[in-house]
Each structure stands twice: as C-alpha cells, then as structure tokens.
Amino acid sequence: MKTLGIIVVLLFGSLLIYCTLDFPPWGDPQAPASMHVSPRYIERTMQETSVPNIVTAVLADYRGYDTMFETVVIFTAGVACFFLLRIFGRIESESRMYRHIPTGITLRISKDAEPPRESREFERIDLAWVPYDVVVKTSCRIIVPFCQLFALYVIAHGHHSPGGGFQGGVILGASVILFAISNNMRLSFTRISEKMAVLLCGLGVLIYAVTGALGTLLGSNYLDYGALSRLFGVDPVTARSLGILFVEIGVGITVMAVIITLYYNLASAGRHDEGL
Amino acid sequence: MIWQIELVVLLIVIICGIGAITVKDLLGAAILFGAYSFMMCLLWAIMGAVDVAFTEASVGAGVSTVLFVATVFRTSRRTKD
C-alpha cells in the first residue's frame, strides 16, 4: 500500500512538473498576462484609485469580492475552531497553584480548600509550574506596544508599501499571543476576553460588507468605493483610496480576532483556563 | 538575482519539507515547518512578490508555528486509548 502511494505521488508530481513546462517563462514580456492584464493595472491604477501599491489596489478594489470572501473564509475558520474545541461549562482541576511573590514559595491548594485572596502577595500560576521570570515579562512588556504600533502602521500604510489588512491583523494578533505567553492566559482574558474576540471576528466582516453596501445605497455597484465620494465630499478617486482603507481595517480586525480565538482554543484545549 | 543563493534556499526548502514529514517528534516537525515557511518567504522576496513574502513571514513562519507549538504542548507522549 505504501509503495502504491509513493508511485501515485511520483506519477502525479511528474505530471504536474511536465505541465508547468507549457507555462510561459517567468517574467516573459510576450506572455498573455504581461500583454493584456498587467499593463491595464500598471498604467491606470494610479489615476483611477491614487494608490501607489498596485497589489493593494487590485486586492481590495478591483478584486474586492475575492478579498471579501477570503475574509469570510477566515471568519468561518475561526468560528469552526471555536465550535470544535470549546468545552462549555467549567471543569475545575484537582488543585490550584499559587506563588507567594516576596519569597517565591509555590503553594498547591486542593479544589475544596479556600484559596488565598488575590492580592499583591499571591498570584495564581499555571499547573505546569512556571518559574518567575522577570526578564521575559519585562522585555515582552516593552516589545508588545511597539509590535502593535507596527501592526497599525502596516494596516494604514498598505496603500504605499507592502502590507495591508491581512499582515497587520496577524501582527496585532501575534502581539496579544506574545502577551499571553509571557504572562499567562488568565491575564490576557482580562485584556481581550473570549466573547470580545469572537464578536470582533464578525465585526470585521461586517465593516467590509457595509462599506460595499454603501456603494449600492448611493446608487452604484456593490463594492464600488467611488460612490462614497458623495458621503465624504471628496472626488471619486480619493473616495476609492478611502474605501480601500476602510476595507483593510475590516480585514485587519477579523484576522486579529481569528488569530486570538485560534490561540485561546488551541493552547488551552478549549477549556480556557491555562495554556502555553 | 544571484542564482547560487536561490539554489541554496531551494535546497533548504526541500530538505525542510522532507524533514517536517519524516521526523518523529511533533515539536521538531513544527519547528522544521517554520523554517520551511521562512525559506519560502525568502523565495517570494527573491521573485519580487513582497506582499506575499510579508504574509508568509507573519502567518507561515510566525503565528502558525506558535499555534503548532501551543497544540503540541497539549499533547501527551503516549496515546490515551
């Protein structure tokens, strides 16, 4: 069975490689894509949308439907992970671990005993005992704000440089994951709760869809941002640039929230008490 | 582009790809997959697709490796059934 599998894989692999020989060479100026499709966007993107980064303009404006349903796919992935992994109802573990901060002594307290009051002296720690590490916590506390600032820059500056909603959203999500890893998962729940993360998943898609629907309401096609010019009182070219920004913000929110939801559910195996 | 660098990167991509599916340890597979993603990111950047390279670096090499490691952390050495 195993040799049969290898034979099938090799057969189809070589067939695929053989088929790629029919492709035009990389960067061939005579290829159909370089003859008809690319020049249209390269020559007219700047005057139609005033967005210097053509990739962003094609992604969010000319191929707006594509990106919208990509966002819906990401949203669906996050919601599916939530429904598959989340265990509803609290499962109390056998015991809890506390650390006495001034002395560094670790306490294990059984489920029925009364836990120490959460104060400056005691902090609850994960069952997989983690040493108190001031270096990791402090350096992550310094890194996280810059990480988030860079993510906002990537989203807002996607018109002019590589980047945009997807990349910026991932970096925003990664900063929250860094916070959750360097402290613990319970503390990150107080910053972005599970309910808020799931709500933000839907909010991003909603922002995208509403931006598209505004075009319809103002008497143009769905996802035609040029129609927003009457709403903002600018010319249609600037309105298309603004529309791309709104859409990118929606994508960024969804991607960030989905990344956080995935991390919360995967790292705590759906119990949402403690994780990596 | 310098073809020697491209060749080295392509070789590392293939080695990491084969290593990720053959290695027994799950954590090792996750790390190798992260290395594979990072080399793919370099390849995208060499080919001039900077947006794709950016996405590959943040999603492939960054967050998905973290998600894999977080999931491996929840698995046990032996199966329960």
Side-chain angles (χ1 to χ4, degrees), chain A residues 9 26-27 53-60 70 74 77-78 81 85 126 128 130 147 150-151 154-155 157-158 161-178 180-181 185 251-252 255-256 258-271 273-276, chain B residues 1-3 5-7 9-11 13-15 17-18 20-22 24 26-31 33-34 37-38 40-81:
Chain A
V9 165
W26 186 66
N53 186 3
I54 301 169
V55 176
T56 303
V58 171
L59 194 85
E70 260 172 51
I74 291 173
C81 184
L85 289 175
D126 290 351
V130 273
C147 210
F150 179 63
V154 167
I155 293 178
H157 208 256
S161 62
F166 287 101
Q167 294 92 333
V170 169
I171 298 172
L172 262 183
S175 73
V176 177
I177 291 179
L178 184 66
I181 288 176
M185 200 175 257
V251 172
V255 171
M256 176 202 76
V258 166
I259 293 280
I260 294 171
T261 313
L262 286 181
Y263 176 75
Y264 280 170
N265 280 304
L266 286 173
S268 68
R271 285 201 299 274
D273 49 356
E274 56 192 43
L276 190 68
Chain B
M1 275 301 141
I2 309 163
W3 68 269
I5 296 181
E6 270 184 72
L7 188 72
V9 171
L10 270 171
L11 276 178
V13 164
I14 293 171
I15 291 168
I18 294 173
I21 53 172
T22 48
K24 281 270 190 291
L26 285 176
L27 193 64
I31 301 298
F33 198 64
S37 283
F38 191 73
M40 278 309 291
C41 158
L42 284 184
L43 273 184
W44 295 125
I46 288 170
M47 285 189 274
V50 191
D51 277 87
V52 185
F54 199 171
T55 315
E56 184 75 42
S58 55
V59 181
V63 170
S64 70
T65 309
V66 173
L67 292 181
F68 280 136
V69 171
T71 314
V72 171
F73 181 70
R74 280 285 156 194
T75 59
S76 51
R77 183 61 68 176
R78 295 169 195 286
T79 53
K80 280 170 186 156
D81 46 38

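These numbers come from the heavy atoms of this one structure, side chains and all, not from hydrogens, waters or symmetry mates. The sequence lines fix the lettering, A, B, ..., with proteins before strands; numbering per chain opens at 1.
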What residues form a side chain to side chain contact (heavy atoms under 4.5 Å, CB included) with B/Ile2, not counting sequence neighbours? B/Gln4, B/Ile5

Compare all side-chain heavy atoms of A/Leu266 with those of B/Phe68 and state whether any distance is below 4.5 angstrom. no

Between A/Val255 and chain B, which part of the residue has a heavy atom less than 4.5 Å away: side chain, backbone, both or neither? neither

I need the B/Phe54 CZ to A/Ser161 OG distance, nearest 0.5 Å. 8.0 Å

Closest-packed option against chain A by number of heavy-atom pairs under 4.5 Å, given B/Ser58, B/Gly62, B/Gly48: B/Ser58

How close do B/Leu67 and A/Tyr263 get, counting heavy atoms only, and between which atoms? CD2-CA, 3.7 Å

Is A/Leu262 close to B/Val63 at the side-chain level, that is, under 4.5 Å between some pair of heavy atoms? no

Is a donor from one side chain sitting under 3.5 angstrom from an acceptor on the other, for B/Thr55 and A/Gln167? yes

Structural part of A/Ile171 lying under 4.5 Å from a heavy atom of chain B: side chain

Tell me whether B/Asp51 contacts the main-chain N or O of A/Gly163 through its side chain, where contact means a donor paired with an acceptor under 3.5 Å. yes

